[in-house]
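Please read all numbers here as calculations on a predicted model, not as lab measurements.
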Amino acid sequence: MSSALYPIMEMFYTIQGEGYYTGCPAFFIRFAGCDVGCVWCDVKESWDANKHNSFTEIEILNEIKKTNAKHVVITGGEPAMYDLTELCESLASNGFILHIETSGAYDIKGNIDWICVSPKKFKAPLKETLLKADELKVVVFHPSDIPWAETFIREINPNCKLYLQPEWSKAAIITPLLVNYVKQNPQWNLSLQTHKYIDIP
Ligand code: SF4
């Protein structure tokens with residue numbers, strides 16, 4: 001058992017609201033620390049890791065085991081800034097299915113079952129991380145983000161699931177555009193932040 005410390009903003013058991021696993025009960029580990037700097041980020045309080053507590057893998061495991069979770073989503077912040085190898089080994093050996101949500105700006109260190117890459121204009125994703133993506137989820141803040149999303153198609157693996165998701169504060173304007181776009185371009189799927197519509201974490 002490792003004594004490594006992981007900076008974490010919050011941990012909670014909820015329902016995955018977005019993307020391929022929408023509706024799946026999952027335990028979320030929100031890492032603290034992010035240097036990507038999205039202007040529309042809805043968790044800016046996660047950016048400074050020094051403002052949050054750190055936990056050992058056994059403390060994290062104990063929190064997860066208080067719930068009935070089978071899936072664990074490692075998110076942030078930008079969780080791929082950290083070496084997750086030992087944490088992933090520990091969680092996997094306890095039978096959990098591991099997901100990560102990352103901007104792709106870092107190499108992922110650790111074995112993860114489901115990799116969701118959500119590239120950001122503010123810090124480009126790495127080619128090797130894009131290639132590992134099981135799911136590409138592009139947040140659309142402005143209509144010009146749609147052609148930008150298309151530029152990633154040639155950089156992902158052929159089995160990667162494709163999602164366009166309206167940025168929450170622009171959802172009223174962007175959602176109808178995306179409904180039309182995915183109907184015209186059915187390789188894409190629409191992802192909505194359903195957890196926000198039903199007001200859960
Ligand atoms: Fe916020 Fe995520 Fe962007 Fe970091 S990558 S600034 S946590 S939206």
Side-chain angles (χ1 to χ4, degrees), residues 1-22 24-120 122-123 125-126 129 132-135 137 139 165 168 193-196 198-201:
M1 193 66 68
S2 162
S3 58
L5 285 169
Y6 301 95
I8 289 171
M9 176 181 149
E10 58 182 351
M11 295 185 263
F12 51 93
Y13 185 38
T14 187
I15 308 285
Q16 170 61 282
E18 312 175 355
Y20 184 79
Y21 276 91
T22 296
C24 176
F27 188 93
F28 278 67
I29 306 170
R30 186 183 303 289
F31 272 70
C34 184
D35 61 358
V36 177
C38 306
V39 289
W40 43 259
C41 178
D42 60 358
V43 282
K44 288 192 169 96
E45 61 275 31
S46 72
W47 291 5
D48 185 352
N50 295 320
K51 292 186 175 161
H52 299 281
N53 293 328
S54 292
F55 298 81
T56 64
E57 84 191 37
I58 190 75
E59 289 172 325
I60 295 169
L61 201 48
N62 287 342
E63 288 303 306
I64 301 170
K65 285 182 171 176
K66 289 177 187 170
T67 74
N68 288 333
K70 299 206 179 321
H71 293 256
V72 173
V73 178
I74 299 171
T75 187
E78 176 45 81
M81 289 170 66
Y82 303 100
D83 186 344
L84 304 170
T85 309
E86 290 181 353
L87 178 63
C88 290
E89 280 173 6
S90 171
L91 296 181
S93 69
N94 278 272
F96 295 106
I97 302 159
L98 304 184
H99 306 220
I100 193 169
E101 296 183 344
T102 173
S103 68
Y106 290 87
D107 187 30
I108 298 168
K109 295 166 282 295
N111 283 330
I112 307 271
D113 300 294
W114 188 261
I115 296 174
C116 174
V117 175
S118 183
K120 304 295 180 333
F122 312 94
K123 194 171 171 85
L126 301 179
T129 303
K132 290 180 190 165
D134 297 294
E135 173 179 359
K137 185 174 67 189
V139 176
Q165 177 175 294
W168 179 247
Q193 292 185 293
T194 57
H195 54 297
K196 295 197 177 184
I198 61 174
D199 198 21
I200 60 171

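Side-chain contact between Glu63 and Phe27 is present, with at least one heavy-atom pair separated by less than 4.5 Å. Proximity of Leu87 to Leu91: side-chain heavy atoms (C-beta onward) are separated by under 4.5 Å at one or more points. Residues Cys116 and Tyr21 form no side-chain contact, since every pair of their non-hydrogen atoms from C-beta on lies 4.5 Å or further apart. The closest side-chain heavy-atom distance from Pro25 to Asn68 is not below 4.5 Å. When side chains are defined from C-beta on, Lys137 counts as touching Glu101, because their heavy atoms get closer than 4.5 Å.
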| field | Residues Arg30, His52; criterion side-chain contact (heavy atoms from CB on, under 4.5 Å); working and verdict | value | CA-CA 11 Å; Arg30 186 183 303 289; His52 299 281; over 6 Å; no
| query | Would Lys120 and Val39 satisfy side-chain contact (heavy atoms from CB on, under 4.5 Å), going step by step from the backbone distance to the final call? | reply | CA-CA 10 Å; Lys120 304 295 180 333; Val39 289; over 6 Å; no
| request: Apply the test side-chain contact (heavy atoms from CB on, under 4.5 Å) to residues Ile64 and Asn94: give CA-CA distance (whole Å), side-chain angles for both, the deciding distance (0.1 Å), then the verdict. | output: CA-CA 10 Å; Ile64 301 170; Asn94 278 272; over 6 Å; no
| Thr56/Leu5 under side-chain contact (heavy atoms from CB on, under 4.5 Å): CA gap, chis, key distance, verdict | CA-CA 5 Å; Thr56 64; Leu5 285 169; 3.7 Å; yes
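The two residues Val117 and Ser103 have their closest heavy-atom pair at CG1-O, 3.8 Å. Nearest heavy atom pair, residue Pro201 against residue Thr14, reads O-OG1, 3.1 Å. Annotation for Asp42 and Gln193: closest pair OD2-NE2, 4.3 Å, computed over non-hydrogen atoms. Listed here is the closest heavy atom pair of Ile112 and Leu98: CG2-O, 3.5 Å. In terms of heavy atoms, Asp134 sits closest to Asp113 at OD2-O, 3.7 Å. Here the closest heavy-atom approach between residue Val43 and residue Gly76 is recorded as CG2-O, 3.8 Å.
Among His99, Glu135, His71, the one residue that satisfies the side chain to side chain donor-acceptor pair (under 3.5 Å) test with Trp114 is Glu135.
Taken to the nearest 0.5 Å, the CG atom of Asn62 stands 11.5 Å off from the CZ atom of Phe55. With rounding to the nearest 0.5 Å, the separation of CD1 in Ile15 from CD in Glu18 is 13.5 Å. Distance check: Leu84 CG to Ile74 CD1 gives 5.5 Å after rounding to the nearest 0.5 Å. Atoms CZ and CE, on Phe28 and Met9 in that order, are 13.0 Å from each other to the nearest 0.5 Å. If you take OG1 on Thr102 and CD1 on Ile108, they are separated by 5.5 Å, rounding to the nearest 0.5 Å.
Around CG of Asn111, the count of heavy atoms belonging to other residues, nucleotides or ligands within 6.0 Å does not exceed 12. Few gaps surround NZ on Lys44; more than 12 heavy atoms of other groups in view lie less than 6.0 Å from it. Enclosure of atom OH in Tyr20 is not indicated, since only 12 or fewer non-hydrogen atoms of other residues, nucleotides or ligands lie within 6.0 angstrom. When the shell of 6.0 Å around NZ of Lys196 is examined, it contains more than 12 heavy atoms from other residues, nucleotides or ligands.
A donor-acceptor contact shorter than 3.5 Å is absent between the side chain of Ser90 and the backbone of Glu86.
Residues Phe31 and Tyr82 place their aromatic rings such that the two centres sit under 6.0 Å apart.
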